[in-house]
Amino acid sequence: MNAVSIDFPDYIADSSRYARCIEVSKRVRWEIDRDVIRDRQFDFDNKFLPDGLSLLDRSMLKSSDERRLMSQIQGRSYASIFGLVERFINAKVLELSQDHWLGDQVALEALIRFSDEELKHQELFRRIETMIAAAMPAGYRNTADPNAVAQFVLGKSTWAVLGLTCHIELFTQAHYRQSIEPDASLSALYKDVFLFHWREESQHTIIDELEWRRIDAQLPPAERDAAVDDLITLVGAVDGILQAQARADADYFSMIVPRSMTIAERELLAAETLAAYRWQYIVSGVQEPRFQRILGDLVTPAQMQRIGTALAPLMAVAQ
């Protein structure tokens with residue numbers, strides 16, 4: 001039998017990072033009812049999303065009551081979209097775990113724990129959608145189907161899906177630390193949802209990077225170049241979801257707010273909402289320093305410029 005050469009230092013370094021994720025996963029483990037909901041309801045006298053995410057501090061809505069209502073609608077969609085993206089993230093994590101079935105069992109355990117936590121997060125977001133729906137007027141719509149989105153995303157290269165996943169899970173960290181955690185005016189339950197979500201996502205971002213770099217190391221240059229195009233396509237698909245949800249949310253607000261809105265006001269609110277959603281789900285992640293560093297390590301300057309050119313119109317509208 002031919003000898004197999006193993007680069008032990010690199011293997012040990014990677015395995016130790018997976019092991020660290022397992023250790024933290026065990027330590028921060030939480031349950032939906034026991035730790036998050038705790039027999040509470042959402043407080044509709046408070047905002048859900050902070051101004052740093054909703055951008056409502058610069059909105060055409062002048063009334064504090066209207067801004068609070070719109071923050072609750074945006075917060076509902078913010079949670080729903082997380083539930084949606086975690087459908088394809090979990091499917092990809094389970095697929096990646098196959099690479100470790102007969103290999104690094106520490107990495108395998110880390111990925112299985114990742115999958116288990118993503119399933120729990122999906123359940124959490126379904127639960128809070130049910131709770132919010134019971135307290136708000138009928139007429140709200142989730143415009144994207146999670147399975148249809150997952151099928152589209154999973155049809156792209158693994159490199160691109162991991163790039164999108166890393167982008168999403170890094171901005172969840174930034175959103176909580178920079179905007180949600182410091183804002184004392186938010187609904188306590190809504191704030192706790194993203195506190196506990198943040199605690200487990202912190203480990204997921206490490207695994208995202210490890211797996212993205214592992215897959216990248218296997219790609220010939222031509223396949224990586226095609227994968228860059230896939231990543232651009234996926235970001236465009238995310239923007240399509242955001243456009244539809246922003247329009248639906250603005251229409252829902254105009255339907256339930258206790259005054260008549262002009263066509264011009266509805267159009268402006270839809271544009272503002274889309275800018276907020278692009279900031280939340282695209283721009284804040286693209287600008288996240290760790291994401292920029294990882295992506296910069298994996299692509300050529302020409303590929304980075306191609307990505308930047310594709311994203312420029314979305315970045316400009318959001319800002």
Side-chain angles (χ1 to χ4, degrees), residues 10-11 13-25 28 81-100 103-104 106-122 125 149-150 153-154 156-177 194 196-219 224 227-228 230-235 237-238 280-299 304 307:
D10 286 346
Y11 171 83
D14 282 351
S15 191
S16 68
R17 293 188 70 191
Y18 286 110
R20 173 63 175 165
C21 290
I22 294 169
E23 186 274 323
V24 177
S25 172
V28 304
I81 293 172
F82 271 120
L84 180 150
V85 301
E86 287 179 341
R87 183 74 55 91
F88 70 73
I89 290 173
N90 184 59
K92 179 54 70 174
V93 167
L94 287 172
E95 178 187 308
L96 289 166
S97 74
Q98 297 179 62
D99 295 346
H100 302 285
D104 185 348
V106 175
L108 176 60
E109 181 181 349
L111 285 165
I112 295 301
R113 285 183 170 274
F114 186 150
S115 172
D116 175 63
E117 290 164 355
E118 289 292 274
L119 287 170
K120 180 177 63 178
H121 297 174
Q122 289 184 60
F125 291 128
V149 172
V153 172
L154 295 170
K156 303 303 179 183
S157 67
T158 293
W159 188 96
V161 177
L162 283 170
L164 180 63
T165 299
C166 188
H167 163 268
I168 290 169
E169 294 189 320
L170 281 171
F171 74 58
T172 66
Q173 304 299 293
H175 288 184
Y176 181 76
R177 292 194 307 267
F194 288 95
F196 286 95
H197 184 251
W198 166 75
R199 285 178 177 173
E200 291 185 336
E201 292 292 326
S202 297
Q203 281 59 254
H204 298 181
T205 60
I206 297 170
I207 298 173
D208 292 336
E209 178 180 355
L210 289 169
E211 289 294 297
W212 194 10
R213 289 184 183 278
R214 182 179 68 83
I215 293 298
D216 179 79
Q218 303 170 10
L219 284 186
R224 185 179 299 104
V228 167
D230 277 353
L231 179 58
I232 292 170
T233 297
L234 289 176
V235 175
V238 170
Q280 292 164 23
Y281 274 92
I282 297 176
V283 178
S284 66
V286 171
Q287 294 181 344
E288 207 282 327
R290 184 173 160 196
F291 179 77
Q292 290 185 343
R293 174 180 58 79
I294 298 168
L295 182 63
D297 287 346
L298 302 184
V299 301
M304 183 67 87
I307 294 169

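Numbers here are sequence positions counted from 1. Note that the structure is predicted; figures quoted are calculated from it, not measured. Only heavy atoms go into these numbers, but all of them, side chains included; no hydrogens, no water, no symmetry mates.
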Inset, instruction - Applying side chain to side chain contact (heavy atoms under 4.5 Å, CB included), run through Glu109 and Ile112 and close with a yes or a no. - result: CA-CA 5 Å; Glu109 181 181 349; Ile112 295 301; 5.7 Å; no
Inset, instruction - Starting at CD of Gln280, measure out to CZ of Phe171 and round the result to the nearest 0.5 Å. - result: 8.5 Å
Legend entry - Shortest non-hydrogen contact between Val106 and Ile22, atoms and distance: O-CD1, 3.4 Å
Legend entry - Residues which pass side chain to side chain contact (heavy atoms under 4.5 Å, CB included) with Ala160, listed by chain and number, not counting sequence neighbours: Ser157, Asp230, Leu231, Leu234
Inset, instruction - State which residues pass ring-ring contact (aromatic ring centres under 6.0 Å, His included) with Phe114; sequence neighbours excluded, sorted by chain then number. - result: His204
Legend entry - Gap separating the CZ atom of Arg290 from the CD atom of Gln292, nearest 0.5 angstrom: 13.5 Å
Legend entry - Exercise: identify the closest heavy-atom pair between Asp208 and Cys166: OD2-CA, 3.8 Å
Inset, instruction - Please lay out, stage by stage, how Ile307 and Leu295 fare under the test side chain to side chain contact (heavy atoms under 4.5 Å, CB included). - result: CA-CA 10 Å; Ile307 294 169; Leu295 182 63; 4.1 Å; yes
Legend entry - Test applied, side chain to side chain contact (heavy atoms under 4.5 Å, CB included); reference residue, Val238; option that passes from Val153, Leu164, Ile168: Leu164
Inset, instruction - Please check if the side chain of Arg224 supplies one atom and the backbone of Asp216 the other of a donor-acceptor pair under 3.5 Å. - result: yes
Legend entry - Nearest heavy atoms of Ala107 and His100, plus distance in Å: CB-ND1, 3.6 Å
Legend entry - Any Leu96 side-chain heavy atom under 4.5 Å of Leu162 side chain: yes
Inset, instruction - Check whether any side-chain heavy atom of Thr165 sits under 4.5 Å from a side-chain heavy atom of Glu211, and report yes or no. - result: no
Legend entry - Sidechain-backbone polar pair: His167 side chain, Ile282 backbone, donor-acceptor under 3.5 Å: yes
Legend entry - Least distance between heavy atoms, Gly163 atom then Phe291 atom: O-CE1, 3.5 Å
Legend entry - Within-4.5 Å side-chain heavy-atom neighbours: Thr172 and Trp198: no
Legend entry - Stepwise side chain to side chain contact (heavy atoms under 4.5 Å, CB included) check, Ile206 with Val24: CA-CA 11 Å; Ile206 297 170; Val24 177; over 6 Å; no
Legend entry - Verdict with supporting geometry, Arg113 and Gln203, side chain to side chain contact (heavy atoms under 4.5 Å, CB included): CA-CA 10 Å; Arg113 285 183 170 274; Gln203 281 59 254; over 6 Å; no
Legend entry - Donor-acceptor pair, side chain of Trp212 and main chain of Trp159, under 3.5 angstrom: yes
Would you tabulate the side-chain donor-acceptor contacts of residues 82-94 under 3.5 Å, counting partners in other chains and residues two or more places apart, or write 'none'?
residue : atom : partner : partner atom : Å
Glu86   : OE2  : His121  : ND1          : 3.4
Glu86   : OE2  : His197  : NE2          : 2.9
Arg87   : NE   : Gln122  : OE1          : 2.9
Arg87   : NH1  : Asn147  : OD1          : 2.6
Asn90   : OD1  : Ser115  : OG           : 2.6
Lys92   : NZ   : Glu95   : OE1          : 3.4
Lys92   : NZ   : Glu95   : OE2          : 2.9
Lys92   : NZ   : Thr158  : OG1          : 2.9

Inset, instruction - Tell me yes or no: between the side chains of Thr205 and Gln173, is some donor less than 3.5 Å from an acceptor? - result: no
Legend entry - Expected output: side-chain Ser25 to main-chain Cys21 donor-acceptor under 3.5 Å: no
Legend entry - Side chain proximity check, Tyr281 to His175, heavy atoms < 4.5 angstrom: no
